[in-house]
Amino acid sequence: MKRLLSVADFEAAALRLLPPAIRGYVAGGTEDGFTLRANRQAFDAWQFQPRGLMGVAQRVQAVELWGKRYASPIGIAPMGATSICSYLCDLHLARAAVGQGIPFILSGLSNVPLERVQAEAPGIWYQGYIPGDIERIGQLMDRLGAAGVEVLVVTIDTPIGANRENNARAGFTIPFQFSLRLFLDGLLHPRWSASVFAQTLLRDGVPRFTNVAADKHGFRITEEPPGGLRQGRDALTWEHLKYMRSMWRGKLLVKGVSHPQDARLAVEHGLDGVIVSNHGGRQLDGAMASLQALPNIVRVVPRDFPVMVDGGFRRGSDVLKAVALGARLVFVGRPMLFGATVAGAAGVNRIIEIFKEEIDRNLGLLGCAHLADLDTDYLVRQH
């Protein structure tokens with residue numbers, strides 16, 4: 001890993017290791033990839049205007065949220081089906097996050113039971129694909145409460161499945177289906193076949209989605225569950241969030257916010273924050289970039305209402321632009337998965353370290369010693 005100096009280096013290494021079908025699922029977007037590209041291009045619209053002679057010998061990038069201090073303004077975004085990239089990948093991500101003092105959001109479509117993840121890496125957040133069904137919502141919240149989960153994140157940008165043509169062309173589907181093409185791809189990528197595919201099957205059998213609902217047993221990634229994979233998500237409304245707020249005693253957030261009115265409704269319903277996101281460009285193609293949406297969301301909520309963001313972050317400078325625009329935390333997804341693919345928990349730790357090092361260095365170069373002082377005075381928008 002000593003030769004891998006940036007997220008881009010890890011990405012290139014990870015994509016070489018993965019078979020084409022897995023590679024397309026991990027790195028691809030939907031339809032024409034407009035939003036996937038927009039997430040990266042949005043950073044070009046903002047340039048820094050640094051200060052000089054500001055005394056930056058002691059730099060602080062820590063951030064506080066709900067009375068808890070995190071070591072850096074980054075966190076690990078929720079990602080489903082990560083077992084296709086690294087054996088017990090959910091644990092690699094969670095352990096690295098705890099060790100580095102940053103938040104980790106466990107996806108509802110993860111493969112390691114949330115109870116085990118919480119036991120080995122206490123303090124996880126849980127992100128759910130919630131159905132519009134009060135009974136099932138209540139059962140899931142009971143499970144989360146029993147496991148000691150304190151932060152529940154409801155994704156609102158996946159009411160129906162997206163048009164992921166690149167996955168279909170590569171022969172990758174969920175439910176996962178074995179094929180001769182995938183078998184041949186595996187033979188051409190022996191390290192992945194041995195360290196991920198074979199190890200998972202031999203030790204644990206076919207991976208399962210164990211955290212979608214109250215049923216801890218879940219279902220195999222090769223199975224279509226009763227009611228379908230999305231299980232009534234298209235029926236979810238703000239009335240269900242109202243019920244959840246009345247029953248859930250921990251922190252409650254919505255993720256997938258792009259429209260200011262959704263942010264206003266989150267405040268009105270007594271939620272504890274929002275995550276601005278377009279699902280990494282994996283849902284509605286043509287949706288605006290997360291960084292582009294961020295200022296409009298920050299503008300309509302109270303000053304102390306936490307606004308977080310994900311989508312396209314690859315550098316510490318990207319993170320600082322989002323913080324300057326009002327983000328409390330920035331969640332990073334694919335880069336963490338690239339790290340896990342290359343070297344398990346050690347790879348994830350190195351990705352986190354890269355972000356921290358870049359954030360620290362860039363704070364100094366900006367002339368801003370304390371992250372809390374970073375605001376739009378350090379930015380210029382290019383038109």
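- Applying the side chain to side chain donor-acceptor pair (under 3.5 Å) test to Gln41 and every residue at least two apart in sequence or in another chain returns nothing.
- Remark: aromatic rings of Trp238 and Tyr243 are distant, center separation not under 6.0 Å.
- Partners of Ser317 according to the side chain to side chain donor-acceptor pair (under 3.5 Å) rule, which considers only residues two or more places apart in sequence or in another chain, do not exist here.
- The list of salt bridge (charged side-chain N to carboxylate O under 4.0 Å, His left out) pairs with a residue in residues 122-144, not counting sequence neighbours, reads Glu115-Arg143, Asp133-Arg136.
- Between Lys255 and Asp310 a salt bridge is recorded (basic side-chain N to carboxylate O distance below 4.0 Å).
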Could you tabulate the donor-acceptor pairs under 3.5 Å formed by side-chain atoms of residues 148-160, not counting sequence neighbours?
from   : atom 1 : to     : atom 2 : distance (Å)
Thr155 : OG1    : Gln127 : NE2    : 2.8
Asp157 : OD1    : His279 : ND1    : 3.1
Asp157 : OD2    : His279 : N      : 3.4
Thr158 : OG1    : Arg233 : NH1    : 3.3

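- Every residue meeting the side chain to side chain contact (heavy atoms under 4.5 Å, CB included) condition with Phe43, not counting sequence neighbours, appears here in chain and number order: Arg40, Leu291, Phe313, Asp318, Lys321.
- Using a 4.0 Å cut-off between a side-chain N of Lys or Arg and a carboxylate O of Asp or Glu, Glu357 and Arg350 qualify as a salt bridge.
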Side-chain donor-acceptor distances from residues 10-18 under 3.5 Å, at least two apart:
none

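- Residues passing the side chain to side chain donor-acceptor pair (under 3.5 Å) test with His240 are Thr237, sequence neighbours excluded.
- Taking the six-membered ring for Trp and the full ring otherwise, Trp192 and Phe197 have centroids separated by under 6.0 Å.
- Residue pairs meeting the salt bridge (charged side-chain N to carboxylate O under 4.0 Å, His left out) criterion with at least one partner in residues 362-380, sequence neighbours excluded, are absent.
- Every residue meeting the side chain to side chain contact (heavy atoms under 4.5 Å, CB included) condition with Pro260, not counting sequence neighbours, appears here in chain and number order: Arg264, Asn296, Ile297, Val300.
- Cluster annotation: Met308 and Met288 are assigned to distinct hydrophobic clusters (Ile/Leu/Val/Met/Phe/Trp/Tyr, side-chain heavy-atom contacts under 4.5 Å, transitive).
- In this structure, Tyr378 has its ring center no closer than 6.0 Å to that of Phe48.
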Which pairs would a plain distance check flag for residues 65-81, meaning a side-chain donor or acceptor within less than 3.5 Å of a matching protein atom at least two apart in sequence or in another chain?
from  : atom 1 : to     : atom 2 : distance (Å)
Trp66 : NE1    : Asp272 : O      : 3.4
Ser72 : OG     : Gln61  : OE1    : 2.7

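- When hydrophobic side chains of Ile, Leu, Val, Met, Phe, Trp and Tyr are connected at separations under 4.5 Å, Met54 ends up clustered with Val56.
- Listed by first and then second residue, the salt bridge (charged side-chain N to carboxylate O under 4.0 Å, His left out) pairs involving residues 167-176 are Glu165-Arg169 (not counting sequence neighbours).
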